[in-house]
Amino acid sequence: MIKTMTARINGQTYQLTQEEGSGDWVVQIQAPALSSYNQEGHYYPVELTATDEGGNSTTIDDDHSTFGTQLRLQAKEREAPVITITSPTADAHLGTAAPVVTVKITDNDSGVDPDTVVIKVDGAPLEASGEATDGGYLFTASASGLEDGPHTITADAADHDGNAAQQASVTFTTDTVPPTLNVTAPVEGFKTNNSKLVVSGETNDVTSGPVTLTVNDTPVVVDEGGTFSTQVTLTEGENRITVKATDAAGKQTVITRTVYLDTNAPVFISVSMTPNPVDCGATFVLRVKATDD
Ligand SMILES: [Ca+2]
Ligand SMILES: [Ca+2]
Ligand SMILES: [Ca+2]
């Protein structure tokens with residue numbers, strides 16, 4: 001007569017009781033809280049021991065030739081991975097047709113199945129490579145040949161227990177064309193005796209407007225139509241005016257003008273008329289020496 005029947009699963013021991021009628025030994029057991037995926041063989045081994053009243057016992061486990069496969073408990077978790085597209089960021093303007101895409105995927109318990117990861121740009125899959133990190137993977141992929149304008153990255157993944165993550169998606173804009181920039185004043189080589197110089201012009205960008213503008217590294221307001229005007233103070237002599245237009249993708253157009261401030265009036269050094277007196281109707285020479293800074 002069998003006296004006791006015990007089962008050992010995941011470090012816990014359970015007593016089975018004999019069912020009336022059938023004579024079977026039965027117990028209800030709560031499955032382990034964690035997936036069996038990370039166990040050796042992806043299952044929890046079950047060890048059964050039957051003991052008779054005389055003190056003899058028989059133990060079988062997952063290695064048993066007949067019952068071994070019935071003693072392998074698979075427990076599936078049901079928490080989907082979490083996907084975060086870390087680059088590009090949402091609504092970013094990128095100055096490249098080949099942006100690098102990085103996607104972080106984490107999963108509790110069974111873990112991200114890297115074979116299920118699919119990263120797409122505008123619906124076309126990208127070649128992606130994953131690197132294991134804390135709790136998951138960091139995937140990197142390179143898009144290429146993207147036309148200027150909006151694009152969408154999507155990322156999908158599942159864990160080892162078949163739980164599919166909610167798809168992540170990010171829309172961004174590529175822009176490889178720098179802003180247009182026209183400096184209408186001053187012209188190159190402009191000379192003046194006024195230390196206040198107006199710098200004006202127009203700038204626009206098709207894809208990543210509005211444009212931010214600086215004149216000699218000082219920000220200048222650009223109105224809705226793209227025109228700008230500001231005043232700079234010149235120093236005596238040569239001055240370099242640098243006008244820099246930058247779009248939201250970081251593309252720049254730079255125009256420089258060299259202008260000259262001259263506030264010193266000419267100075268006379270000598271004057272002579274030869275001959276003087278001169279005969280009426282004859283010629284004489286007027287000679288002047290003068291300098292100017
Ligand atoms: Ca999971
Ligand atoms: Ca642009
Ligand atoms: Ca002068």
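Just so you know, ligand 1 is whichever comes first in the structure, and atom 1 is the first atom listed for that ligand. The shown structure was predicted, so the numbers you read here are calculated from the model rather than taken from an experiment.
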Trainee: Would S208 and D175 count as having a side-chain donor-acceptor pair, cut-off 3.5 Å?
Mentor: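 A donor-acceptor contact under 3.5 Å links the two side chains.
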
Trainee: Ignoring hydrogens, what is the shortest heavy-atom contact between T176 and T96? Give both atom names and the distance.
Mentor: CG2-C, 4.0 Å

Trainee: Quick check for you: with the Ca ion (ligand 1) as the vertex, what angle do OE2 of E77 and O of N108 span, to 10°?
Mentor: 80°

Trainee: How long is the gap from NZ on K76 to CG on N163, to the nearest 0.5 Å?
Mentor: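 Here the rounded value is 9.0 Å.
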
Trainee: Does any donor atom in the side chain of D148 or T207 lie under 3.5 Å from an acceptor atom in the other side chain?
Mentor: no

Trainee: Can you name the one residue among L197, L234, T192, T258 that meets side chain to side chain contact (heavy atoms under 4.5 Å, CB included) with P186?
Mentor: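 It is L197, the one option of L197, L234, T192, T258 that forms the side chain to side chain contact (heavy atoms under 4.5 Å, CB included) with P186.
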
Trainee: Please confirm if an N, O or S atom belonging to D159, backbone or side chain, lies less than 3.0 Å from the Ca ion (ligand 1).
Mentor: yes

Trainee: Under 3.5 Å, is there a donor on one side chain and an acceptor on the other for T13 and T6?
Mentor: no

Trainee: Taking the Ca ion (ligand 1) as the vertex, measure the angle between atom O in E79 and atom OD2 in D107; round to 10°.
Mentor: 140°

Trainee: Locate the shortest heavy-atom distance separating N264 from D292; write the atom from each residue and the value.
Mentor: O-OD1, 2.9 Å

Trainee: Closer than 3.0 Å to the Ca ion (ligand 3), which protein N, O or S atoms?
Mentor: D262 OD1, D262 OD2, N264 O, D292 OD1, D292 OD2, D293 O

Trainee: Testing the 3.5 Å rule here: is there a donor-acceptor pair between the side chains of R287 and S272?
Mentor: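 No donor-acceptor contact under 3.5 Å links the two side chains.
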
Trainee: Scan the side chains in residues 116-126 for donor-acceptor partners under 3.5 Å anywhere in the protein, sequence neighbours excluded, and list what turns up.
Mentor:
unit_1, atom_1, unit_2, atom_2, d
T116, OG1, D113, O, 2.7
T116, OG1, A158, N, 2.8
T116, OG1, A158, O, 3.1
D122, OD1, T152, N, 2.9
D122, OD2, H151, ND1, 2.7

Trainee: Sum up the protein N, O or S atoms located under 3.0 Å from the Ca ion (ligand 2).
Mentor: 6

Trainee: With ring pair (Phe, Tyr, Trp, His ring centres under 6.0 Å) as the rule and sequence neighbours excluded, what pairs involving residues 95-150 come up?
Mentor: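 For residues 95-150: Y137-F139.
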
Trainee: Tell me the closest heavy-atom pair linking P81 and I105, and the distance in Å.
Mentor: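 So the minimum-distance heavy-atom pair works out to CB-CG2, 4.1 Å.
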
